Every structure is written in C-alpha cells, then in structure tokens.
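Given the structure is predicted, the values throughout are model-derived calculations rather than measurements.
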Amino acid sequence: MASTPREIIDEGKLGGWQKAALGMTILLNALDGFDVMSISFAAPGIAEEWQVPQDVLGWVLSMELIGMAVGSILLGGMADRFGRRPTILGCLSVMGIGMLMVPTATGVEQLSAWRLLTGLGIGGMLAALNATVAEFSNARYRSLVLPLMVTGYPLGAFFGGMIAANVLDAGDWRGVFYLGAGLTIAAIPLSYWLIPETPDWLADRRPPGALQRINRTLHRFGLPQAGALPEAISQEQRGSLSDIFKPPLLSRTVLLTIAYLTHVTAYYYFVKWIPKLVVDMGFDPAAGGDVLTKAMLGGAIGGGLLGVVALKIGIKKATVIALAGAFVMLNVFGRAPQDVAMLGWIAGVTAFFSNAAAVGFYALLAMAFPPHVRATGTGFGIGFGRAGAAMGPALAGILFARGLDVATVSLIISIGSAISIVAIMLVRMTNSAKAT
C-alpha cells in the first residue's frame, strides 16, 4: 500500500485539481513561447524604425535566449532551494516587468537589456516547470504530460502570433510587448491559485508544517493522506553536478549536451529570423508574422506526434529521424520561392521536424541519467543548449551582414542538426539510466 507522498501520487489517478495544475504548467510554457517569439514578430518594425543593421539585429534577437541560458542554470537552482511555486511566481514577475518595459526603450541597448531580463525569468521558470510537471504527475502519465508541457511552447507562439498579426496591423511593434506583459501579469494570480508547492519538494526540504502542507495538496488532488514524512535523504544520496562528469555518465553528458546545443542553434536561427527574412523579400510585417505563426503550428504538431512515433520505434530513433528531416527542410527553406503561401507551408514542415527533435531531447536527457542525478543532468544539458539557441540568430546576423544569402546561411547553420545526429548515435543508453 502506498505510504509516501511520491508513492501516493504515482499510484493514484489524476484528479480534477491535479489536471488543472498540470494544465496551468502547459499554459505557462505557452506563455513562454509567446514571450520569446514576441521579438521575432516585432523585429521588422524595430529594424525599420531604428535602422538596425542585420548583425546588430541578430544579437537583439538573441538577448532573451542568453538570459534563458543563465536563468535556467542560476534561477533554476532556486526551485530546489526555495520551492517550485515561489520560483514560478517570482520568475513570472520578472518576465512581466521585462515585457512591460520593452516598449519604453529608446534604443537597441535599452531594448536588449529588457529582453535579457525577460529571458532570465523565462529560463528560471522553465526549469521550475519541468520539476513541477514531473512531481505532480502520476507514474502512468508522466511520459505523456512532459511532452505536452513542452509542446505548449510552440502552441503559445502560434496563438500569440495570430493575435500579434492583428496587433501589428492596427499599430506599431510596441503593442506586441504590451500584449505579452498583460498576459504574463494575468498569469501570476492564476498560478498562485492553481499551483501549490509540490509534495516532493516539501518531503525533501522539510520546512515547518511540511506534512500538513503535503496532505492539504493530496486532499486537493483527491488522493489519500500521507501518515508521515518519508525517510530523509542524506547528502551522499542527493547527487551533485560533479557526478555527471564522472564515468559512465561523462560521455552521455558531453554527447547529449553537444547534440542539443547544435540542433537548437539551427532551430532558433530559423524561428527568430523568419519575419525579417519575409519582409526582406518585399512583404509586409504582418505577412512575416503569419509565416512564423504557421511554423509554430507545425512545431506544435511535430512535438505532439513525436511521442506517438516513439512508442513504436523508440525515442532515440524517432529523434534522429526528426533531426534528419530538420536538416533537409532547413535547406529547402533557404531556397524557398518568394511566395507567402508556399513559404508558410515550408516553414510549417521545417518546424514540424525541428521542434519534434527538440521535444525528443527532453526525453533523451531524462533517460540518459539515473534518478539521483536526473534533474542535474537534464538541467545542465538544456541550460547549455539555450546558450546554443542564443548563438543561432547572432551567427546568422553576422553571416547576413557579410553578404551571404539565405540559402548559404541556412546550409551553414543546418550542419548543427547533422552534428546532433552523429552525437546521438554515439550515446549508449543503459538500462539503469532508463529506470524511473
């Protein structure tokens, strides 16, 4: 019979409030998707108003991605120290301030600073959301709920893009950030209401009244009460960052970090530059936003279907196939005709494969590390991957500024997905690493 909070949740059914809490994490990740992509929707208007050269614009597009990398590693640790819930609420507040201040910027330097701040909040919240989803879900549905949470990101960019296109038609680029700020600030009280502190964190850290707080959450979820706290975990059992750099985990850490980093470098070049490239072809900013919106829809579908395919052939093979498709389609995009309708279809298929591969990495990272260092290994890989995400748009901006065309830039950056395939194929996934 289940007795610990973890066993009670693992063996229980998903109740209404539990589903609501998990659903809120998906909505928060969707909000992240819109907040990150808001600069892409606004980029054509910013470049035109301030006459921003392409190499500088590439760094502007990368600033919140740099913030995400730092936030994931630094602020993500706050979720382990202070709790999942306060970290989520604090990072939402940082995101709201950053989004609200962007329209007040009078130049590229101020704009970049506020985007960096926004990225810090997003990175910290994503790290906290990953832990929250894993700890709120039961054993039966955990492998399904995590991909759904990740898929919320392109869904947020898709639906946000539909709204942003209308905002751009009705006004200037600043309205996109006011929209994002309003949605972010509105999510704070909703998250406070729907997301309690996770029983796992309370049982691990044992603040005053931990058992009472755990049982309040279990009661809210419609689950049995815990009679006592589980045996405390010793420091030796907790694991540390250094453990993932010791054999046999060292090779997995290095290879999967390289694989994720090189792929998301290509992925974020693609999604960040779409609106500007469409405008450079002679179309208006709304058309660029529309093409990006179709890309986000394709990404959401690809991420959702990856789990279904993985059930048949395994997550490793499914991710490699998605990476191969991303490599091919990124080069097709680089040679796409100047036709908005065709660009939308090509962008959608490109994002279908690219985001499916990105979602696959979350599962690969979780499978590669044993339980005592699973969060550490996953956080390290994703954190450095986001550094790669920042490199993509910036590198493209430098290449464009040197006179290279879209086809050549796409070919150069797509090599990242090819490197990712090789790295994944070299990773050896052991049975002990797959244990839950």
Side-chain angles (χ1 to χ4, degrees), residues 20-39 62-102 112-136 146 149-157 160 177-198 200-202 205 207 268 362 375-376 378-387 389-390:
L22 290 168
M24 190 64 207
T25 66
I26 297 173
L27 288 176
L28 289 177
N29 203 30
L31 183 63
D32 286 346
F34 175 71
D35 283 0
V36 170
M37 299 311 301
S38 59
I39 190 69
S62 293
M63 289 311 296
E64 87 278 352
L65 298 175
I66 295 172
M68 285 171 66
V70 176
S72 178
I73 295 171
L74 298 183
L75 299 184
M78 293 175 58
D80 286 331
R81 183 175 181 182
F82 300 109
R84 319 309 191 197
R85 188 194 203 196
T87 302
I88 290 171
L89 296 173
C91 288
L92 272 173
S93 301
V94 172
M95 289 165 57
I97 293 171
M99 292 289 287
L100 191 61
M101 294 304 296
V102 164
S112 298
W114 293 124
R115 292 306 292 166
L116 181 66
L117 180 67
T118 305
L120 284 169
I122 292 172
M125 186 165 73
L126 284 175
L129 285 178
N130 285 336
T132 300
V133 169
E135 293 166 8
F136 275 169
L146 182 57
M149 188 274 287
V150 178
T151 303
Y153 184 93
L155 282 175
F177 295 98
Y178 283 127
L179 171 64
L183 293 172
T184 302
I185 293 170
I188 296 174
L190 194 58
S191 300
Y192 181 85
W193 178 46
L194 290 176
I195 302 178
E197 186 54 73
T198 67
D200 287 73
W201 184 86
L202 291 168
R205 293 292 173 171
Y268 274 100
Y362 281 80
T376 300
T378 302
F380 180 86
I382 292 175
F384 271 82
R386 289 176 187 141

- Message: Can you give me the closest heavy-atom contact between Met24 and Ala187, atom names plus distance?
- Response: CE-O, 4.1 Å
- Note on the structure: Result for side chain to side chain contact (heavy atoms under 4.5 Å, CB included) between Leu31 and one of Ile122, Leu183, Ile26 points to Leu183
- Message: If I take atom CG from residue Leu92 and atom CD1 from residue Ile185, how far apart are they, to the nearest 0.5 angstrom?
- Response: 10.0 Å
- Query: If every non-hydrogen atom of Gly96 is compared with every non-hydrogen atom of Ala181, which pair is closest and at what distance?
  - Reply: O-CB, 4.1 Å
- Apply side-chain contact (heavy atoms from CB on, under 4.5 Å) to the pair Ile39 and Phe177, showing each step before the final yes or no. CA-CA 8 Å; Ile39 190 69; Phe177 295 98; 3.9 Å; yes
- Close side-chain approach of Asp200 and Phe136, heavy atoms under 4.5 Å: no
- Message: Measuring from atom CG of Leu129 to atom CD1 of Ile88, what distance do you get when rounded to the nearest 0.5 angstrom?
- Response: 4.5 Å
- Message: Run Met125 and Leu28 through side-chain contact (heavy atoms from CB on, under 4.5 Å) and show every step you take.
- Response: CA-CA 9 Å; Met125 186 165 73; Leu28 289 177; 4.2 Å; yes
- Message: Looking at every heavy atom in both Phe34 and Gly156, which two are closest together, and how far apart are they?
- Response: CB-O, 3.7 Å
- Message: Counting C-beta onward and ignoring hydrogens, is there a side-chain heavy-atom pair between Tyr178 and Leu100 closer than 4.5 Å?
- Response: yes
- Measure the spacing between CE of Met99 and CZ of Arg115 and express it to the nearest 0.5 Å. 5.5 Å
- Query: Is a side-chain N or O of Glu197 found less than 3.5 angstrom from the main chain of Arg84, in a donor-acceptor match?
  - Reply: yes
- Message: Distance check, rounded to the nearest 0.5 Å: Leu27 atom CG versus Leu194 atom CG?
- Response: 9.0 Å
- Item | Main-chain N/O of Phe82 paired to Arg205 side chain as donor or acceptor, under 3.5 Å | no
- Mind checking the CE-OG1 spacing from Met149 to Thr132? Nearest 0.5 Å is all I need. 8.5 Å
- Rounded to the nearest 0.5 Å, what's the gap from CG on Leu89 to CD1 on Ile188? Could you check? 7.5 Å
- Query: Do the side chain of Arg85 and the main chain of Thr198 share a donor and acceptor less than 3.5 angstrom apart?
  - Reply: no
- Message: Under 3.5 Å, is there a donor on one side chain and an acceptor on the other for Thr118 and Asp35?
- Response: no
- Message: Taking atom CH2 as the centre, does Trp114 end up with more than 12 heavy-atom neighbours from other residues, nucleotides or ligands that are less than 6.0 angstrom away?
- Response: no
- Task: Please examine the side chains of Leu116 and Glu64, heavy atoms only from C-beta on, and report whether any two atoms are closer than 4.5 Å.
- Result: no
